[in-house]
Amino acid sequence: MENNEPVSRIPAFIREAVAEDLKNGRFNYVRTRLPPEPNGYLHIGHCKAFLIDYFTAKEFGGELYLRFDDTNPAKEETEFVHAIEEDAAWLGIEWAKVTFASDYFDLLYEWAVRLVKMGLAYVDDQTQEEMSISRGTLPKGTKWGDSESAIRPGVDSPWRSRSVEENLDLLERMKNGEFPEGSRVLRAKIDMSHPNLLLRDPVMYRIMNAHHHRTSDKWHIYPMYDWSHGQNDSMEGVTHSLCSNEYIIHRPLYEWFLEKLEAFPSRQIEFSRLNLTYAMMSKRKLRKLVETGVVSGWDDPRLTTLRGLRRRGVPPQAIIDFVTGLGETKNDSWVEMAQFEAVIRDHLNKSALRRMAVLKPLKLVIDNYPEGQVEQMDAVNNPEDPEAGTRKVPFSKVLYIEQDDFRETPPPKYFRMYPGNEVRLRYAYLVTCTSVVKDEAGNVVEVHATYDPATRGGDAPDGRRVKSTIHWVSAEHALPAEVRLYEQLFNAERPDDGELEEILNPNSLEVLENAFVEPALGEAKIGDQLQFERTGYFCLDADSQPGKPVFNRTVTLKDSWAKAQGK
RNA sequence: UGGGGCGUGGUGCAAUGGCAGCACACCGGCCUUUGGAGCCGUGGAUCUUGGUUCGAAUCCAGGCGCCCCAGCCA
């Protein structure tokens, strides 16, 4: 194969399982579903599931449904439905149709009635606490183990042997809102001594007198995850229900319901979820960051929400390639943020237009350059892409260069500008530093240099070489800009585990109010991805005002000088 | 210590009984009108013990470690 395109975007064990199901006739088509709960914004952790669902359907010529899991009206809002659709679409995911768990509330209720009639479900009047106790415990020593005993099996509820007629009557009245919240539940009748606690008569419906974003006040009972998800899969003909490893333990229950109901046999397959270092995935903590103003909103560029990544300037294709390039397993794993950044750089290197921008300006005067003269220098837009063409950059006697690019007394191996040293001004001339001007405090406020008129474009006719090329802007022509330098938000590799106060990086945002950028940047549009030569990848932020653009740093360039300086 | 899942360089993945390889990271070098990009190279791994086999990361048995499960959350 000539290119590096992956043969498949989905894990091998899933691809093999799906192929097997098609081959042996369990299914004759493929349909997957993407089941977000509309109670928060999407973050990078969700992308793995989204992309596996999407590509599994796509690669087998099947289709994907976007199904909102809206079974808990106390936590869900329509606002998130729109946000999730928007973010998923931005990522590049396409779906055949949008459905809701609530679309199936009526049918689901009929199925519950069937189970009751089969003697496989009953109404339980125990209190929540009673149920918790009678469910039994995990053994001593495990995370939630009972402190004094070995495993304690569950005991049957006193209501477990109610007659079908009574159960039917009670369920009907639960549905009609005749009972207070928490007074009763409908449970599946399975096995109170089962080693898998989920099979100890799981709750199917609980009473909630909540207003639902789509069914309004019609329902007074709402289904639990286990009594909804698998059934919805089956009802809409989903063949493969792909989910993360935490649901492995739910699979026997998923299958139990569908078998008893003799329903369409959707198959659940699990994979490991994506964990990314330095990324916060906990919805609760994310919410706290937003609500306490630590970040500017759900789209703060320091967040790994999809909105944050978008605003930061990360191309969606980079997210796709990163996630699908991770490989395939059921292993618990923590992927390093550096790997994500490498993929981002890889994309941006190929696509971003190169521009010159001086973040922390220092005035440079070319003493022997004619006063008032302006030359238009030819500059390459993207050395990785000849099609991107060239542009003109104005050059004149007074310029700005980067403060970091000048040292009055250079450290070892410093090749940039210092008194007596000749460097190249990118796309312009070779210049030699001659003197500096200082303020009362002794700070260098202005650098003087002379240029060699024979080196226009940057090459010396005599073949002499310089070790450094630095970027610049013409003071007279440059546009003032604000530049926001982002670093990781947390100092902790696994921020979900830490206390916010202790793990926040105080330097995660540095705002540069007095940057200068070359004139061509005046035409940039919101979201445009750019490389500021030698400093990093940036994009134009929505906060930009006419005459005052704002740029976000997406990611730095690799900087071997900074690294060599030993940070 | 009930049930379930998982153990390959620092990190993420390959190798489906036959020379343990790739990417990121790290280190060194080359090249360069971005100290970018690119190119070349070094070091470093099969959780453990035993067994089967000419041959084991892979098969078998035991041990160890990590993760998930006590919502009327999803």
Side-chain angles (χ1 to χ4, degrees), chain A residues 12 35-37 39 69 71-72 74-76 101 124 127-128 131-133 135-146 150-154 181-187 194-200 203-208 221-222 224-226 228-229 243-252 270 272 274 277 325-343 345-346 349-350 354 356 379-380 383-384 413-416 424-428 430 457-459 465-471 531-536 556-564:
Chain A
E37 184 186 14
N39 72 343
D69 231 332
T71 57
N72 187 347
K75 300 169 88 173
E76 296 146 6
D124 195 341
T127 64
Q128 201 165 155
M131 263 186 62
S132 174
I133 292 169
R135 183 160 29 232
T137 61
L138 263 19
K140 181 180 178 180
T142 56
K143 188 173 173 186
W144 290 290
D146 187 291
I151 188 165
R152 183 155 51 80
E181 287 190 7
S183 60
R184 286 174 230 263
V185 294
L186 182 74
R187 301 177 75 177
H194 198 103
N196 179 345
L197 264 50
L198 283 165
L199 282 276
R200 316 241 268 224
V203 172
M204 296 166 63
Y205 279 116
R206 76 282 213 188
I207 298 172
M208 292 180 90
I221 55 174
Y222 289 91
M224 300 290 291
Y225 168 84
D226 285 310
S228 172
H229 199 97
C243 58
S244 53
N245 285 340
E246 55 187 304
Y247 292 98
I248 288 175
I249 196 170
H250 293 252
R251 188 175 354 112
E270 313 84 8
S272 59
L274 169 64
T277 61
L326 252 22
E328 49 187 64
T329 60
K330 291 175 85 119
N331 299 353
D332 290 348
S333 61
W334 281 86
V335 181
E336 292 175 342
M337 183 64 86
Q339 189 155 347
F340 186 30
E341 290 182 349
V343 178
R345 284 195 190 95
D346 197 44
N349 177 46
K350 290 174 189 130
R354 313 293 138 120
M356 291 199 285
V380 172
E384 304 289 323
K413 298 273 184 68
Y414 186 89
F415 306 138
R416 282 112 97 151
R424 174 167 35 237
L425 294 176
R426 180 89 158 141
Y427 303 125
L430 262 33
D459 284 311
R465 298 197 171 269
V466 293
K467 297 197 91 167
S468 180
T469 300
I470 65 175
H471 60 278
Q531 184 197 102
F532 289 173
E533 295 215 34
R534 304 208 304 131
T535 59
T556 61
L557 249 27
K558 275 203 285 189
D559 188 345
S560 51
W561 165 249
K563 192 191 287 179

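In what follows, every chain begins at residue 1, and chains take the letters A, B, ... in the order their sequences are listed. No hydrogens, no waters, no symmetry mates; every other heavy atom, side chains included, goes into these values.
- At the heavy-atom level, A/Lys467 lies nowhere under 4.0 Å from the strands shown.
- Between the base of B/G10 and the side chain of A/Glu336 there is a donor-acceptor pair shorter than 3.5 Å.
- Minimum heavy-atom separation, A/Lys413 to A/Trp561: O-CZ3, 3.4 Å.
- Of the listed nucleotides (B/G71, B/G3, B/A23), B/A23 has the atom at the smallest distance from the side chain of A/Gln339.
- Closest contact between the side chain of A/Leu326 and the listed nucleotides B/U34, B/G12, B/C6 involves B/G12.
- For A/Lys413, the side-chain atoms get nearest to B/G35 when compared with the rest of B/G35, B/C72, B/G2.
- Closest contact between the side chain of A/Arg426 and the listed nucleotides B/G71, B/U34, B/U8 involves B/U34.
- Within 4.0 Å (heavy atoms only), A/Arg424 reaches at least one base atom of the nucleic acid.
- Remark: the separation of the P atoms in B/U52 and B/C13 is 34 Å, to the nearest Å.
- Side-chain atoms of A/Arg345 stay outside donor-acceptor range of the base of B/G36, with no qualifying N/O pair under 3.5 Å.
- Using a 4.0 Å cut-off, no side-chain N or O of A/Arg534 falls inside it from OP1 or OP2 of B/U32.
- Contact between the side-chain N/O atoms of A/Lys558 and the OP1/OP2 oxygens of B/A37 is found at a separation under 4.0 Å.
- Side-chain atoms of A/His250 lie closest to B/A74 of the nucleotides B/A74, B/G71, B/C73.
- Across all strands shown, A/Ile249 has heavy atoms under 4.0 Å from base atoms, whether or not it also approaches the sugar-phosphate.
- Using a 4.0 Å heavy-atom distance criterion, A/Glu37 is classed as a sugar-phosphate-only contact.
- Nucleic acid contact for A/Arg465: sugar-phosphate only, since backbone atoms but no base atoms lie under 4.0 Å from a heavy atom of the residue.
- The shortest distance between the side-chain N/O atoms of A/Thr329 and the OP1/OP2 oxygens of B/C6 is not below 4.0 Å.
- Nucleic acid contact class of A/Glu341 (heavy atoms, under 4.0 Å, all strands): none.
- Across all strands shown, A/Phe532 has no heavy atoms under 4.0 Å from either base or sugar-phosphate atoms.
- Within 4.0 Å (heavy atoms only), A/Thr71 reaches sugar-phosphate atoms of the nucleic acid but no base atom.
- Heavy atoms of A/Leu557 sit under 4.0 angstrom from at least one base atom.
- Note that CG of A/Asp69 and NE2 of A/His229 are 5.5 Å apart. Values are rounded to the nearest 0.5 Å.
- Side-chain atoms of A/Pro383 lie closest to B/G36 of the nucleotides B/C6, B/C72, B/G36.
- Among the atoms of the strands shown, base atoms are found under 4.0 Å from some heavy atom of A/Phe415.
- Secondary structure note: stems in RNA chain B built from 3 or more consecutive Watson-Crick or G-U wobble pairs under 3.5 Å occupy B:2-7 with B:64-69, B:10-13 with B:21-24, B:27-30 with B:38-41, B:47-51 with B:59-63.
- When heavy atoms are screened at a 4.0 angstrom cut-off, A/Tyr427 is found touching base atoms of the nucleic acid.
- Of the candidate nucleotides B/C6, B/G35, B/A74, B/A74 has the atom lying nearest to any side-chain atom of A/Tyr247.
- Here the side chain of A/Glu246 is nearest to one of B/C68, B/C26, B/G35, namely B/C68.
- Between A/Glu384 and A/Lys350, the shortest heavy-atom contact is CB-CA, 4.3 Å.
- Looking at heavy-atom distances under 4.0 Å, A/Met208 makes no contact with the nucleic acid at all.
- Residue contacts for A/Asp226: at a heavy-atom cut-off of 4.0 Å it reaches no nucleic acid atom on any strand shown.
- Using a 4.0 Å cut-off, no side-chain N or O of A/Ser272 falls inside it from OP1 or OP2 of B/C6.
- The separation of B/C22 from B/U34, taken at their C1' atoms, amounts to 29 Å, rounded to a whole angstrom.
- Residue A/Trp334 and nucleotide B/G12 are not classified as a stacked aromatic pair, given the requirement of ring centres less than 5.5 Å apart at an interplanar angle below 30°.
- Of the side-chain N and O atoms in A/Arg206, one or more sit less than 4.0 angstrom from OP1 or OP2 of B/C73.
- Here B/C73 presents its P atom at 10 Å from CE of A/Met131, a figure rounded to the nearest Å.
- Distances from the side chain of A/Asn349 to the nucleotides B/C24, B/G36, B/G4 place B/G36 closest.
- The residue A/Val185 sits close to a base: some heavy atom pair falls under 4.0 Å.
- With hydrogens and angles disregarded, a donor-acceptor distance shorter than 3.5 Å links the side chain of A/Asn245 to the backbone of A/Lys330.
- Taking only side-chain atoms of A/Asp69, from C-beta outward, the nucleotide of B/G71, B/C6, B/A74 with the closest atom is B/A74.
- Base orientation at B/G9 is anti, since its O4'-C1' glycosidic dihedral falls outside 90° of 0.
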